[in-house]
Amino acid sequence: MSEKILLIDGHSILNRAFYGLPDLTNSEGKHTGAVYGFLNILFRILEEEKPQYLTVAFDLHAPTFRHKMYEAYKGTRKPMPEELREQVPLIQEMLTAMGVKIVTMEGYEADDILGTLAGRSEKKGMDVTILSGDRDLLQLATEKVMIRLPRTVRGKTTIEDFHAEQVLEKYQVTPPQIVDLKALMGDSADNIPGIPGVGEKTATKIIAEYGSVENAHEHLEEIKPNRAKESLREHYDLAQLSKALAAINTDSPVEFDYEQAKLGNLYTQGAFLLCKRLEFKNLLGRFDSENAQPQQQLQEFFSCSDLSGCETLFDKAAKQEYVGVSLVAEQGQVFGVGLALDSEEVYFIPVEGLLTENYLCGKLQQLLQKSSHGALTICSMDVKSMLKYVDGEDFGEIFDTGVAAYLLNPLKSSYTYDDIAKEYLNGRLLPSREELLGKMTLEKAWQQSEDGLVNMACYMAYTALVSREPLCEALKETDMWRVYTEIELPLIFTLNSMEKWGIKVKGEELKSYGERLNIRIAELEQLIWKQAGEEFNINSPKQMGIILFEKLGLKGGKKTKTGYSTAADILEKLAPEYPIVKDILEYRQLTKLKSTYADGLEKVIERDGRIHSTFNQTITATGRISSTEPNLQNIPVRMELGRLIRKVFVPEDEYVFLDADYSQIELRVLAHMSGDEKLIQAYREAQDIHRLTASQVFHVPFDQVTPLQRRNAKAVNFGIVYGISSFGLSQDLSITRKEAADYIERYFETYPKIKGFLDELVEQGKKKGYVTTMFGRRRPIPELKSSNFMQRSFGERVAMNSPIQGTAADIIKIAMNRVYKRLKEEGLRSRLVLQVHDELLIETYKEEIEQVSAILEEEMKGAANLSVELEVDMHQGNNWYEAK
DNA sequence: CTTATCACG
DNA sequence: ACGTACGTGATAAGG
């Protein structure tokens, strides 16, 4: 078997990968999608080809590189987008790290290098594979040289392969004749003129018959279409020039050492580190853990499993200024505690023997208690998750790595110790949880060997302790110190209290509600099947799309890449005409209620008869909190049938619910932040904002606004908060874009300062790369720099929305902290149990109703001092349905 | 493990 | 021309 060499057209493949994949960025906002795509294609081809040699050719001057497909279509030339340009050095660095030979040469394009190397290698008796996205290279195909052209269609990459034979099949000319073909037809993307009046069809015919431009010219009189004959006669010199331009130089003086191109182990340590830096998590798995991964200089950790040693440790910890703590626990089961006294003295205390779960949690509580420490600050990666295992509500000073890192960059999906070490400890690389434990659960890891667990616990405690200083510095640097200390840190305890109290749910009522739904669901199912003429899975959009749009022939064609869209807004337009659609919509609604709410909630009722949701503080990009397992922030309310579910959420005996929500907080925030006098005035006079907007926008007297006008104006107000676009508004109101644009224009005429304010936000976002809330919370917006219109537009809307949504989030967080503090300090039995973005639910002891109402009103209204009042609506009830 | 759908603010 | 409203989370299908 002969040897094989793989030659890659570097820029071309990078380009393919860039346009074929969504624009990936790592958590630092570095664009990495093209590099990732390149590596995936590379690995795939290597597996298929198994070559002995590999080399990648690059043009020396990247900026001359173009996206040919795009240009061929547009007929214009655009510079390489910045997102792609910055990835060129990255892929070269990656290839070099993998020991892959890169070839460039002054004065020659990558094409020429590839052509030359292909020729030389073939002469040596090798098989050659050229990987490129550029069809020009087809001229290089022979019996031994195969050109592989990857094509990305809807995210799937297929590869077209060409030996000489396949070129002939597809283009009716031999590979070298491709050059002659181009000489006649030209190639706008490559600036090859060709000759006028000759396109692909004619050119192919001529070359297939006469073999070359020169021979065709000799037989000029025989050339068939007259137009072509005359053109060739007149522009023969142009044809020859084009031919020269199209021909790839197969004899360039490139120096090439086959030894250096020998394919070795790609999975080197350097490549591993780079993959890690770029966050190619999927690729990391390819690396052989022994060869590639750097020797983890595991820090020296100590285990302590005897009672007196443990006591000593905690005593010592309590006397310090700072101590790093981690709790290794999962689903109520505790495995051990990590304790970092200083950077060199990190301990793991396993649950073992006398050191029981209870004992350890008790020690942790003592450490956290306010009374126990004078000047001690407990540093942890995630304080709230630790508090879950600790009693009491009177805690001392803490530092929370996760919350701090979240404020500094709220766009990350997680805040693990290895990421934080990398980012805030000078690129320090620690072994990640996955590297230590794999995909094992804690329990499995514990049973197998506690080594990984020990390391993880210690690294967590260590990182929490050591990264405190740089994180605090960064918070001060970015003017977020106050948001951190005055809003987020106290919020940890507020949320902890809410999670621990939970909310009482009537399980039996939930069950009967579900059964009631089931009766109707079964009816609808039969009804739908009957109308469809067959039984099918109504829950499958795929099956339903086929039934509706193919079998029953409803109009309203394709929408998604996988088939027909059967989303509610599409179906609703069809509902008046087709009864089956109405039934499907009702079926959807009921099954949603059944599975997500009736069944879903029942599953998470704990033994105390209450649901304990988790409120996540480090998820959203804007500063809101989110709720999981279950999500209690999306319990139905808009439709009556769904709203009934709220009747199962009840206060304990002797308690009632007090529900308080901010009235139009986001619009009020907008009024304040923009300083628009008209809007401020309107709120001061307690006017109906939507009606007022309607009267201004539609130029009608205030008291003659029709309900439709008011509804439209309300949508405009919402649109403003979301970062208005005429398309979005038109979609929402089912009007034309022109009309929507009209509404917006008149809105901005009415409230000129709002226009200025929003423009300023976008400008600030573009200039600084982030926008801020009233309290200084930041939201980075990397999309604003994108060359992609859609992405950039998204960035602009985000720039307009985030400060408003985020400021509202800040305000209610402040209110929560204040309410929590007042309830505690005034020794009340009432407690905060839920937050739903602009709403707080308090399980109120009946004798405290008056006092709690006053606290709620006072603290919610007083949470921020705006130029308009913060109005609060409050209701009382024996369940959530009544109280809302 | 991603996609479509739908619940909330 | 581009083809979207902002922010979330849970469920069921179907690779």
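Every chain is numbered from 1, with letters handed out A, B, ... down the list of sequences.
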Can you give the dot-bracket line for DNA chain C, where a pair is Watson-Crick or G-U wobble with both atom distances under 3.5 Å, crossing pairs use [ ], and | marks a partner on another strand? .....|||||||||.
Which is more 5' along DNA chain C, the nucleotide nearest A:Asp732 or the one nearest A:Pro410? Just name the residue. A:Asp732
Per the atom types in the model, does the base of C:dG7 pair as donor or acceptor with the side chain of A:Arg779 at under 3.5 Å? no
Using whole Å, report how far OH of A:Tyr747 lies from P of C:dA5. 21 Å
Is any side-chain N or O of A:Ser793 under 3.5 Å from a base N or O of C:dT4, one able to act as donor and the other as acceptor? no
Give the minimum heavy-atom separation between A:Leu593 and A:Pro636, together with the two atoms involved. CD2-CG, 3.7 Å
Per atom distances to the A:Tyr597 side chain, the nearest of C:dG7, B:dA7, C:dA5 is B:dA7
Kindly point out which of B:dC8, C:dG7, B:dC6 is positioned nearest to the side chain of A:Gln805? C:dG7
Among C:dT4, B:dG9, C:dG7, which nucleotide has an atom closest to any side-chain atom of A:Phe727? C:dT4
One character per nucleotide, please: for nucleotides 10-15 of chain C, 5' to 3', B when the base has a protein heavy atom closer than 4.0 Å, S when only the sugar-phosphate does, - otherwise. BSSSSS
Any N or O donor-acceptor pair under 3.5 Å from the base of C:dT4 to the side chain of A:Arg797? yes
Ignoring the backbone of A:Ala567, work out which of C:dC6, B:dC8, B:dT5 is nearest its side chain. B:dT5
